[in-house]
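Single-structure report; data block below.
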Number of protein chains: 2
Amino acid sequence: MDMEEGTSDSPGHRCDTDPDPWQWDRREDCEVRQILDRIADKWSLLVIALLQGRTLRFTELKRQIDGISQRMLTSTLRQLERDGLIERTVHPVVPPRVDYALTPLGSTLHSTVQALVTWTELNQNEIAAARARYDSAATSRA
Amino acid sequence: MDMEEGTSDSPGHRCDTDPDPWQWDRREDCEVRQILDRIADKWSLLVIALLQGRTLRFTELKRQIDGISQRMLTSTLRQLERDGLIERTVHPVVPPRVDYALTPLGSTLHSTVQALVTWTELNQNEIAAARARYDSAATSRA
DNA sequence: CGGCATCCAGGGAGATACTG
DNA sequence: CAGTATCTCCCTGGATGCCG
């Protein structure tokens with residue numbers, strides 16, 4: 001088991017592992033930071049977006065997110081399952097069949113995630129333009 | 001300059017570097033994935049959230065996000081600047097003063113990012129509970 | 001098919017020292 | 001103050017192989 005470990009902090013949140021308390025805008029503690037890190041994760045985002053209103057199997061997810069390794073997909077799914085955002089259903093058939101779906105909690109996240117994806121789609125051209133501007137300016141300086 | 005390089009793809013998006021075209025729900029190309037990776041970044045998210053409606057200096061940001069290294073903060077700010085999400089203003093005074101603020105484009109992202117943060121705040125207890133459940137179940141199995 | 005175990009490379013990220 | 005420049009370490013994540 002060299003898989004990345006959840007920090008498995010005991011319920012009743014504390015920050016014993018942290019050298020000094022986080023500040024984050026003076027309002028948040030490390031809990032929020034931790035959760036944010038997880039859901040704002042590169043792969044988590046895609047998984048959540050893909051599971052909107054439907055159930056997908058492991059292989060289907062892997063195919064759709066093409067580029068993800070089975071290791072990272074497994075890891076990501078486990079994290080999301082642990083956080084209660086997705087539900088994992090094992091069908092005792094052979095060959096094995098495992099379905100993944102959003103939980104009610106995960107569904108509430110979806111609209112937010114979708115907003116992020118939509119924003120990206122809408123603004124990708126503007127961002128590309130900004131990058132071009134920035135890069136050409138940098139190049140001319142060099 | 002060993003700082004992480006933007007992949008500096010020419011404007012007019014393509015995916016020559018990728019061995020095979022991404023699928024991502026069959027609709028998206030690598031551009032969106034790339035941008036999503038950047039804005040959904042651990043630190044980017046915090047920076048954007050902190051810059052809502054105000055201007056902050058480098059050190060102020062560093063203090064508020066406490067836990068980030070100057071290296072990562074610099075890198076993050078440069079990326080966001082390149083993407084046209086934040087604006088960097090250098091005041092020619094001594095000692096130097098550099099202000100960071102959201103651009104109009106960055107401001108449009110803010111509401112989305114804030115939604116993510118708010119969601120996390122609202123649901124952190126539920127997530128903590130889910131983790132406790134998951135972990136205790138895992139422990140009892142072992 | 002779904003996933004865990006192992007091995008291993010690359011780069012993300014920290015610590016430190018130095019400049020304008 | 002606001003960075004850059006190194007050097008280094010470790011974790012992320014890929015490749016492969018095996019099992020239920």
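Each chain gets a letter, A, B and so on, in the order its sequence line appears, and its residues count up from 1. As a basis for the values below, the full set of heavy atoms in this structure was taken, side chains included, without hydrogen atoms, waters or symmetry mates.
Against DNA chain C, the stretch residues 90-99 of chain A makes heavy-atom approaches under 4.0 Å through A/P95, A/P96, A/V98.
In this structure, the side chains of B/E60 and B/R54 stay at 4.5 Å or more apart for every pair of heavy atoms.
When the side-chain contact (heavy atoms from CB on, under 4.5 Å) test is applied to B/V94, no partner is found at least two apart in sequence or on another chain. When the side-chain contact (heavy atoms from CB on, under 4.5 Å) test is applied to B/R133, the partners found at least two apart in sequence or on another chain are B/A129, B/A130. Residues passing the side-chain contact (heavy atoms from CB on, under 4.5 Å) test with B/S111: none are found, sequence neighbours excluded. Checked against side-chain contact (heavy atoms from CB on, under 4.5 Å), B/T55 has the following partners two or more places apart in sequence or in another chain: B/D99, B/A101.
If you find the closest nucleotide of DNA chain C to A/Y100 and to B/K42, the one lying nearer the 5' end belongs to A/Y100.
A/L46 places its CG atom 13 Å from the P atom of D/dG13, with the value rounded to the nearest Å. In this structure, CG of A/L77 is placed 10 Å from P of C/dC4, rounded to the nearest angstrom. Atom CG in B/D41 sits roughly 7 Å away from atom P in C/dA13 (whole-Å rounding). Rounded to whole angstrom, the span from the NZ atom of B/K62 across to the C1' atom of D/dG3 amounts to 12 Å. Going from atom CD1 of B/I68 over to atom P of D/dG3 covers 12 Å, rounded to whole Å. Distance, A/Q70 CD to C/dA5 P: 14 Å, rounded to whole Å. The CG-P distance, from A/L73 to C/dG3, rounds to 8 Å in whole Å. Rounded to an integer number of Å, the gap from B/R88 CZ to D/dT4 P is 7 Å.
Picking from C/dG3, C/dG14, D/dT4 the nucleotide with the shortest atom distance to the side chain of B/T74 gives D/dT4. With distances taken from any side-chain atom of A/M72 to the nucleotides D/dG3, D/dG14, D/dT16, the minimum falls on D/dG14. Among the nucleotides C/dG14, D/dG3, D/dG14, the one closest to any side-chain atom of B/R71 is C/dG14. Of the candidates C/dT16, C/dG14, D/dG3, the closest approach to any side-chain atom of B/F58 belongs to D/dG3.
Residues in residues 41-51 of chain B take part in these salt bridge (Lys or Arg N to Asp or Glu O under 4.0 Å) pairs, two or more places apart or across chains: A/D37-B/K42.
Clustering ILVMFWY residues whenever any of their side-chain heavy atoms sit less than 4.5 angstrom apart, transitively, puts B/L102 in the very cluster that holds B/V90.
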